[in-house]
Structure formats: structure tokens, C-alpha cells
Amino acid sequence: NTAVYEYTLSRSANIPTDFSKIQEGLANLLKINAVPLVRTTHGNLIVTMVNGVNIPVDFREMILKRPKGLPEIISGIAGVDALGNIIDFTLGQRNPHAMLFGKTGTGKTVLIMNILYSIMSATAPDHLKIAYVDGKGNSFEFMRTDNEGSPSYHPNPFTYCQPADGSGDIDYARAVVQHLVKECRRRIELFKQRGVSKLDEFNKKYPDEFMPEILAVCDEFSALTDSDAFLKASELASKGMTDAFEYLAKMARSTGIRLLLANQTARKEKVPGRITANITGRVSLGVTEPIESDIALPDSHVALHLVDQPGEFYSTMHGARN
């Protein structure tokens, strides 16, 4: 569904610093609605254009193509590139946490499910548990394990605790996040006592006390941090979402607790800088405003506000210019 033209640049190439005029000029010249994206990476000039053809991607094929011998427990697949190669999504020592952005209709939920199910297919429930929090709805309700007898009962062994719906029961959503903070502190203190620095060292040294990694998936996380405005000052320390996410982003790396925070917008007033400053992994589908591009994928120079094709995304999981 996307045509990618790649040109090798000469060493003395005189490249403009602003591609916006060139992008608009190409769209006018070709008489197309979608504005092409022009960027440079690894000495190449890349022009990306939506070609109006919709080609479905088979999840099974992605799983079969994945390389053997994965580097981390949380090793998933975000999708495929223009040539059909796997785009991996790995959380570990290099990128302990990740943020995912995408405006309504771009396929954010599908992308999250691609990542989650591909992670589950590559590891065992003994090694990984997943906690789900949705700030604006119940996108993860089908992951429940306590509704036996219900038509939607499909118990998933990776489920860490029952999914939280921030719009329906904000107290439970806060409790899930605060529990993760307490678990992080417990593990840090335990590692100090046992003389180890990170989770895999602890599991090797004390196999009888093996602890799984925990992936916390929070969709529409800005709705959760916005809820802090309704708390009293005395309640912020025990219930505040912003402080909790900041603590986990800063401190959870060695404990094996990972964050995947997803949001519709990357606007500064909705995405606290003290959280984003500690999260290196970024993936983004199309966003609404030009200013969001720099927050969603810093230093990538990808004009995400021009991306309208559902499912088209860009990643900085392997460096800013990948």
C-alpha cells in the first residue's frame, strides 16, 4: 500500500534542510491528495508515497518469518516494511520501555495486538506476565480470566491481573499502577539484599525464586495522568498516576517491569515530559499536528502529521534515524 523510492546520495550532495516545500511540490506535480514523505537516512534519500493499494499482512506469515534465538523475553513484531521484512519490537536493556502514538483510525489497537500476540508466541507464561490498563475504555476486556461461563471467556495464561478500565473504575486502574510501583520497589530491595543488580542475574542465582518479567500495557495513558487533577494534594502520593509512571520509567529497568504506553496524541499538555524523558523506545502511526511529530519520534524528521494511511508507522526502536 506504500511505494518507497530510495536513492543513493553522493558525498557532495547539496541537500535542503527543509523538505516541506519539496513534499508539497511533488503532491501538486503528481496531482495526488496524500503528501509524499521525503527524508534522508544512512546516506540515502527516501521518498515514501501512498499508492492507494491495500495489501493485507498475514500475522501467521510474520510469525513464521521471525528470526530464531530472540535476544530478550519481550520480543515481538510490530509489522513488515515495504519489502516484506520483519520490523521487530523488543523491550530489554537497550529499550526498557516504549511509547506508541496514533490518532483515531490509524490502527493503533491493531498494532498493539500485533505486538502483544507476537510476544506471547515467542515466550512462556512462566517468563512473562502482562498487565492491561485502558484509560478510556475496555479494549482489553477479552483478556479477563475471572469470567468463567461467559461467552467471552478465553483465559489467557499471560494475564497478570484483571484488565483495568480507567473510564469505568478509575480506583482499580490506579490500584493496578500503584501495585506495579510497589512490586518494583520490592524487587529493588530484594536485589540489594541478595547482592544482584538485575532480574536475569537474580533468576540465574536463585532459580527456586524465579520471577517473571512484567509488561504493563496502558492505552490512552494521558486519560490516566489527567485524572490526577481530580485528586486532593494529600492523595497524590498514594494515587497519583503521573508520579507512578515517572517512577516506573526511571527505576523499573533492572527489575524486569516494562512499560508500553499508547496514546492518541503526543501534544505536550497531554504527554508529561518527565515521563517521555525516560522512555527511549518510540513507535508512531499518523498524528494530527506538526508539533506532535517531534515529541512522538524525536530527531527522526519524519512528518507524522502527513501520514494518513492506516497501518503506516515509523519506529525509533533501533535508533533515531531507523
Side-chain angles (χ1 to χ4, degrees), residues 59 72-79 88-92 95-102 106-123 125 127-145 154-170 172-181 183-184 212-225 227 241-242 244-249 252-253 255-264 266 271 275-276 278-285 296 313 315 317:
F59 183 78
E72 303 284 352
I73 288 174
I74 301 177
S75 294
I77 301 169
D88 65 76
F89 179 94
T90 302
L91 295 182
N95 286 314
H97 315 294
M99 301 185 83
L100 192 161
F101 297 100
T106 53
K108 180 161 58 72
T109 301
V110 174
L111 180 53
I112 291 172
M113 295 307 165
N114 266 0
I115 291 169
L116 291 180
Y117 278 118
S118 58
I119 288 170
M120 293 177 197
S121 77
T123 188
H127 292 262
L128 175 68
K129 296 296 180 185
I130 305 176
Y132 306 94
V133 183
D134 190 343
K136 287 185 179 177
N138 56 355
S139 298
F140 305 114
E141 191 67 15
F142 64 95
M143 292 294 186
R144 297 195 77 85
T145 60
H154 303 286
N156 190 313
F158 289 91
T159 297
Y160 181 70
C161 58
Q162 302 313 315
D165 175 4
S167 64
D169 189 350
I170 187 63
Y172 177 60
R174 287 182 179 132
V176 170
V177 176
Q178 292 298 332
H179 168 80
L180 293 171
V181 170
E183 177 63 12
C184 179
E213 289 194 7
I214 300 172
L215 174 60
V217 184
C218 299
D219 196 9
E220 302 302 342
F221 79 92
S222 68
L224 300 171
T225 55
S227 71
M241 292 286 204
T242 307
F245 284 128
E246 182 187 9
Y247 177 83
L248 290 170
R253 177 175 182 169
T255 66
I257 299 174
R258 315 290 184 204
L259 297 176
L260 173 55
L261 305 180
N263 213 42
Q264 284 186 12
V271 183
I275 296 176
T276 59
N278 295 287
I279 298 181
T280 53
R282 304 287 177 87
V283 176
S284 185
L285 300 121
F313 69 90
S315 164
M317 297 295 287

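What you see below is based on every heavy atom in this structure, not just the backbone, and it leaves out hydrogens, waters and symmetry mates. Note that the structure is predicted; figures quoted are calculated from it, not measured.
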Exercise. Does Thr145 reach the side chain of Gln162, with side-chain heavy atoms less than 4.5 Å apart?
Worked result: yes
Exercise. Going from CG on Leu215 to NE2 on His97, what distance comes out if it is rounded to the nearest 0.5 angstrom?
Worked result: 10.5 Å
Problem set entry | Distance in Å, Leu100 CG paired with Ser315 OG, rounded so as to fall on 0.5 Å steps | 9.5 Å
For this session: Only counting residues at least two apart or in another chain, list the ones meeting side-chain contact (heavy atoms from CB on, under 4.5 Å) with Ala98.
Result: Phe89, Leu91, Leu260, Met317
For this session: Locate the shortest heavy-atom distance separating Ile275 from Ala249; write the atom from each residue and the value.
Result: O-CB, 4.3 Å
Exercise. Do the side chain of Asn263 and the main chain of Ser222 share a donor and acceptor less than 3.5 angstrom apart?
Worked result: yes
Problem set entry | Spatial distance of atom CG (Asn278) from atom OH (Tyr247) [nearest 0.5 Å] | 12.5 Å
For this session: Let me see the working for Phe221 and Val133 under side chain to side chain contact (heavy atoms under 4.5 Å, CB included), right down to the final yes or no.
Result: CA-CA 8 Å; Phe221 79 92; Val133 183; over 6 Å; no
Seminar exercise, completed: With sequence neighbours left out, the residues meeting side-chain hydrogen bond (donor to acceptor under 3.5 Å, both in side chains) with Glu220 are Lys108, Gln264
Exercise. Hey, are the side chains of Ile130 and Thr159 touching, using non-hydrogen atoms and a 4.5 Å cut-off?
Worked result: no
Exercise. By ring-ring contact (aromatic ring centres under 6.0 Å, His included), which residues pair with Tyr132, not counting sequence neighbours?
Worked result: Phe140
Considering only distance and modelled atom types, tabulate donor-acceptor pairs under 3.5 Å from the side chains of residues 163-170, sequence neighbours left out.
from   : atom 1 : to     : atom 2 : distance (Å)
Asp165 : OD1    : Ser167 : N      : 3.0
Asp165 : OD1    : Ser167 : OG     : 2.7
Asp165 : OD1    : Gly168 : N      : 3.3
Asp169 : OD1    : Asp171 : N      : 3.4
Asp169 : OD1    : Tyr172 : N      : 3.2

Exercise. For Asp134, which residues count as a salt bridge (Lys or Arg N to Asp or Glu O under 4.0 Å) partner, sequence neighbours excluded?
Worked result: none
Exercise. Please walk me through it: do Val217 and Leu259 pass side chain to side chain contact (heavy atoms under 4.5 Å, CB included)?
Worked result: CA-CA 6 Å; Val217 184; Leu259 297 176; over 6 Å; no
Exercise. Do Thr106 and Leu111 have side-chain heavy atoms sitting under 4.5 Å apart?
Worked result: no
Exercise. Pro157: what forms a side-chain contact (heavy atoms from CB on, under 4.5 Å) with it, not counting sequence neighbours?
Worked result: Pro125
Exercise. Taking only residues two or more places apart in sequence, or in another chain, which ones meet Glu213 in a salt bridge (Lys or Arg N to Asp or Glu O under 4.0 Å)?
Worked result: Arg258
For this session: Could I get the full list of ring-ring contact (aromatic ring centres under 6.0 Å, His included) partners for His154, not counting sequence neighbours?
Result: none
Seminar exercise, completed: Distance col, row Ile257:CD1 vs Cys184:SG, nearest 0.5 angstrom, shows 5.0 Å
Exercise. Can you tell me how far the NZ atom of Lys136 sits from the CG atom of Leu224, to the nearest 0.5 Å?
Worked result: 10.5 Å
Exercise. Are Ile279 and Pro96 close enough that some pair of their side-chain heavy atoms sits under 4.5 Å apart?
Worked result: no
For this session: Evaluate the side-chain proximity of Leu180 to Leu248: yes if any heavy-atom separation is below 4.5 Å, no if none is.
Result: yes
Exercise. Within the distance-only criterion (no hydrogens, no angle test), does the side chain of Ser118 pair as donor or acceptor with the backbone N or O of Ile77 below 3.5 angstrom?
Worked result: yes
Problem set entry | Contacts of Thr276 that satisfy side-chain contact (heavy atoms from CB on, under 4.5 Å) - sequence neighbours left out | Met99, Val271, Arg282
For this session: Under the side-chain contact (heavy atoms from CB on, under 4.5 Å) rule, collect the residues that match up with Tyr117, sequence neighbours excluded.
Result: Phe59, Met113, Met120, Phe142, Met143
Exercise. With a 4.5 Å heavy-atom cut-off, do Asp219 and Ser139 have their side chains touching?
Worked result: yes
Exercise. Who passes ring-ring contact (aromatic ring centres under 6.0 Å, His included) against Tyr160, sequence neighbours left out?
Worked result: His179
Exercise. Do Val177 and Phe245 have side-chain heavy atoms sitting under 4.5 Å apart?
Worked result: yes
Problem set entry | Point-to-point distance, once rounded to the nearest 0.5 Å, from CG of Asn95 to CD of Glu72 | 9.5 Å
For this session: Given side chain to side chain contact (heavy atoms under 4.5 Å, CB included), test Cys161 with Val176 step by step and report yes or no.
Result: CA-CA 8 Å; Cys161 58; Val176 170; 3.9 Å; yes
For this session: Check whether any side-chain heavy atom of Ser284 sits under 4.5 Å from a side-chain heavy atom of Phe313, and report yes or no.
Result: no
For this session: State which residues pass side-chain hydrogen bond (donor to acceptor under 3.5 Å, both in side chains) with Gln178; sequence neighbours excluded, sorted by chain then number.
Result: none
